[in-house]
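Only one structure is covered here, and it is reproduced in the block below.
Order of appearance sets the numbers: ligands from 1, and atoms from 1 within every ligand.
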Amino acid sequence: MTLIPLPALRDNYIWLLHDQGHALVVDPGDAGPVWDVLRHDSLVLSTILVTHHHTDHTGGVADLQQATGAAVYGPAGLPPLPCPWIGLHDSDIVQALGHRFAVMHIPGHTADHIAYFGPCDDDEPLLFCGDTLFGAGCGRLFEGTPAQMLASLTRLAALPDATRVCSAHEYTVDGLRFAHWLEPENAYVADRLAWALARRASHLPTLPSTLGLEKSTNPFLRTHQPAVVSAVLPAMQLRCAANPDPVSVFAALRTLKDQF
Ligand code: ZN
Ligand code: FE
């Protein structure tokens with residue numbers, strides 16, 4: 001199967017997966033870039049997956065569905081779409097392109113947010129994580145609490161390290177600049193920042209990454225690391241804490257990133 005990140009809108013990626021005949025897209029905020037690939041590669045769109053209700057993820061869904069008859073899936077809590085769609089809950093399975101994708105409810109960025117993980121039998125499975133996990137970052141907490149987001153990210157972090165992380169925005173350089181400021185001694189962060197800057201200078205995507213790489217470079221998956229904890233202590237108005245509460249560390253980290 002072929003995986004393509006389609007740049008869309010300002011800094012979104014619409015992920016397109018195809019088997020030379022049929023295609024699946026995730027979060028088509030704009031139908032235009034999807035049409036270009038379907039025509040150019042003579043693909044039939046069979047499935048549309050939506051991670052959450054923001055319009056930069058749903059704006060192209062109805063056009064694509066009406067023209068192709070593709071099956072549309074989204075979180076059960078999604079405000080109704082102007083086309084037929086199927087609502088999903090945690091641990092549901094979606095069949096697409098002959099493969100199984102598992103649904104994970106991961107609230108925090110929005111209350112309805114879900115991720116798709118699969119194919120379930122692949123050595124390097126894909127994680128379509130929308131605006132929950134970014135390259136070296138995580139989504140802003142628009143509808144959720146720090147505790148919810150930390151729990152959601154902890155669930156994602158338990159997936160295999162080889163999982164390919166397919167986020168919905170190109171925010172990696174921004175995330176790595178913050179990570180480098182937090183953990184200047186972390187060589188994985190420094191290396192990834194240099195690599196990401198070179199990729200972006202050539203207008204190439206920095207995604208997908210892997211969950212293994214995120215675990216070594218993404219501060220929001222590293223709230224248990226002593227270096228990250230000591231970097232956020234001043235923001236927590238603490239000078240030292242032997243066992244800081246992980247949710248408080250996460251909340252302070254999210255606030256620091258919002259202000260960075
Ligand atoms: Zn969003
Ligand atoms: Fe978004």
- Would you say E124's side chain and R164's backbone share a donor-acceptor pair under 3.5 angstrom? no
- Side-chain donor/acceptor of W35 to backbone N/O of L64, under 3.5 Å: no
- Query: Which atom, among the N/O/S set of H57, is closest to the Fe ion (ligand 2)?
  - Reply: NE2
- Measuring to the Zn ion (ligand 1), does H54 have an N/O/S atom at a distance below 2.8 Å? yes
- Message: Nearest N/O/S atom of D131 with respect to the Zn ion (ligand 1), by atom name, please.
- Response: OD2
- Identify, by name, the N, O or S atom of D56 lying closest to the Fe ion (ligand 2). OD2
- Backbone N or O of L133 within a donor-acceptor pair of the S167 side chain at under 3.5 Å? yes
- Query: the Zn ion (ligand 1) as vertex, arms to NE2 of H109 and NE2 of H52: angle to 10°?
  - Reply: 100°
- the Zn ion (ligand 1) to nearest N/O/S of D56 below 2.8 Å: no
- Is there a donor-acceptor pair closer than 3.5 Å between any side-chain N or O of R100 and the backbone N or O of V94? no
- Message: Donor-acceptor pair, distance only, cut-off 3.5 Å: does the side chain of S152 make one with the backbone of P107?
- Response: yes
- Message: So, 2.8 Å as the limit: is an N/O/S atom of H169 located closer than that to the Fe ion (ligand 2)?
- Response: yes
- Item | D131, N/O/S atom nearest the Fe ion (ligand 2) | OD2
- Determine the sole option in H113, R140, H52 for which the side-chain hydrogen bond (donor to acceptor under 3.5 Å, both in side chains) test with D131 is passed. H52
